[in-house]
Engineer: 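Sharing a structure here in structure tokens format.
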Amino acid sequence: MLSLACASAVVAAAGPDPIVATRQSAMKEMAAAAKTIAGMFDGKLAYDAVAFKAAAGTLRTRTGPALIAEFPIGTLGPPSGARLEIDQARSEFEALARHIGMLASTLAAKAERAPPSITDDMRMGSGPAMGGGSLLGKRPAAAEADPAKAPAEHLLHLILQDCSSCHSRFRQKVL
Ligand code: HEC
């Protein structure tokens, strides 16, 4: 018991948990990647197929099983921003991580074949079975049913929705 107590005191004195630090920097990388892609579609950044591919690859690598593995029991709760609820709702957390992983893989596969300049069919609002649908109506439904058919920009929006869903449920502000 005593040695256990000492060991945890040492960990506390050694500063932030490396698992927490690693996942926080992985999250920051995802945020930077998402911002890069969004910037290219918004026209704030020059479109660059190589950078698009790299950013989409980062999203793919950091989601799915990799994201799940970053939140082992014992690393949740303050001082980290990960809620303790993650452990009580593992299946929900993992489903979100896998869903965003599936979308990110689909986007990355599209980015692998990205043309040298941005094309209309990469943009929101293009794609099959979407004609006439409102933004909140048919389009998201069609993209959810078959993400591979959704334009890249739309996939990015779906990915960002998953970021927000997970954060509102499983992330907390810590001082
Ligand atoms: C399945 C859940 C989940 C998904 C999906 C998710 N996050 Fe997170 N994110 C978290 C949790 C939990 C934390 C708090 C981690 C901690 O502090 O230990 C976090 C923290 C962060 C942080 C703060 C990191 C820091 O420095 O403290 C950023 C930025 C972030 N996420 C961006 C994103 C972006 C961008 C996406 C989508 C591309 C995303 N996250 C998807 C759960 C998720």
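Remember, it's 1-based here, ligands and their atoms both numbered in the order they're listed. By convention here, the first residue in the shown sequence is residue 1. Given the structure is predicted, the values throughout are model-derived calculations rather than measurements. Every heavy atom of this structure was used, including side-chain atoms; hydrogens, water molecules and symmetry mates were not.
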Engineer: Quick one: nearest non-hydrogen protein atom to atom 26 (O) of ligand 1, plus distance?
Structural biologist: Lys28 NZ, 2.8 Å
Engineer: Who's the nearest protein heavy-atom neighbour of atom 3 (C) of ligand 1, and how far?
Structural biologist: Cys166 SG, 2.6 Å
Engineer: Do side-chain atoms of Lys110 reach the backbone of Ala150 as a donor and acceptor pair under 3.5 angstrom?
Structural biologist: yes
Engineer: Among the N, O or S atoms that His167 has, which is closest to atom 8 (Fe) of ligand 1?
Structural biologist: NE2
Engineer: Give the atom numbers and elements of ligand 1 that come within less than 4.0 Å of a heavy atom of Phe170.
Structural biologist: 12 (C)
Engineer: Would you mind finding which of Met27, Arg23, Gln24, Arg83 brings a heavy atom closest to atom 30 (C) of ligand 1?
Structural biologist: Met27
Engineer: Specify the protein heavy atom at minimum distance from atom 23 (C) of ligand 1: its residue, its atom name, and the distance to 0.1 Å.
Structural biologist: Arg171 NH2, 3.3 Å
Engineer: Is a side-chain N or O of Arg171 found less than 3.5 angstrom from the main chain of Ala82, in a donor-acceptor match?
Structural biologist: no
Engineer: Can you give me the closest heavy-atom contact between Arg23 and Thr75, atom names plus distance?
Structural biologist: NH2-O, 2.6 Å
Engineer: Could you tell me the residue and atom name of the protein heavy atom closest to atom 36 (C) of ligand 1, and the distance to it rounded to 0.1 Å?
Structural biologist: Cys163 SG, 2.8 Å
Engineer: Which pair of heavy atoms, one from Met102 and one from Pro147, lies closest together, and at what distance?
Structural biologist: SD-CG, 3.8 Å
Engineer: Using modelled atom types and a 3.5 Å cut-off, is there a donor and acceptor pairing between side-chain atoms of Arg123 and backbone atoms of Phe41?
Structural biologist: yes
Engineer: Below 4.0 angstrom from a heavy atom of Ser80, which ligand 1 atoms are there? Numbered from 1 as shown, please.
Structural biologist: 16 (C), 17 (O), 18 (O)
Engineer: Please report the closest heavy-atom contact between Ala26 and Arg62, naming both atoms and the distance.
Structural biologist: CB-CD, 3.7 Å
Engineer: Below 4.0 angstrom from a heavy atom of Val20, which ligand 1 atoms are there? Numbered from 1 as shown, please.
Structural biologist: 18 (O)
Engineer: With a cut-off of 2.8 Å, does Met30 place any N/O/S atom under that distance from atom 8 (Fe) of ligand 1?
Structural biologist: no
Engineer: Check for a donor-acceptor pair, side chain of Ser105 on one end and backbone N or O of Gly101 on the other, with a separation under 3.5 Å.
Structural biologist: yes
Engineer: Please name the pair of heavy atoms, one in Val174 and one in Ser80, separated by the smallest distance, quoted to 0.1 Å.
Structural biologist: CG1-O, 3.5 Å
Engineer: What protein heavy atom sits nearest atom 35 (C) of ligand 1, and how far away is it?
Structural biologist: Ala31 CA, 3.5 Å
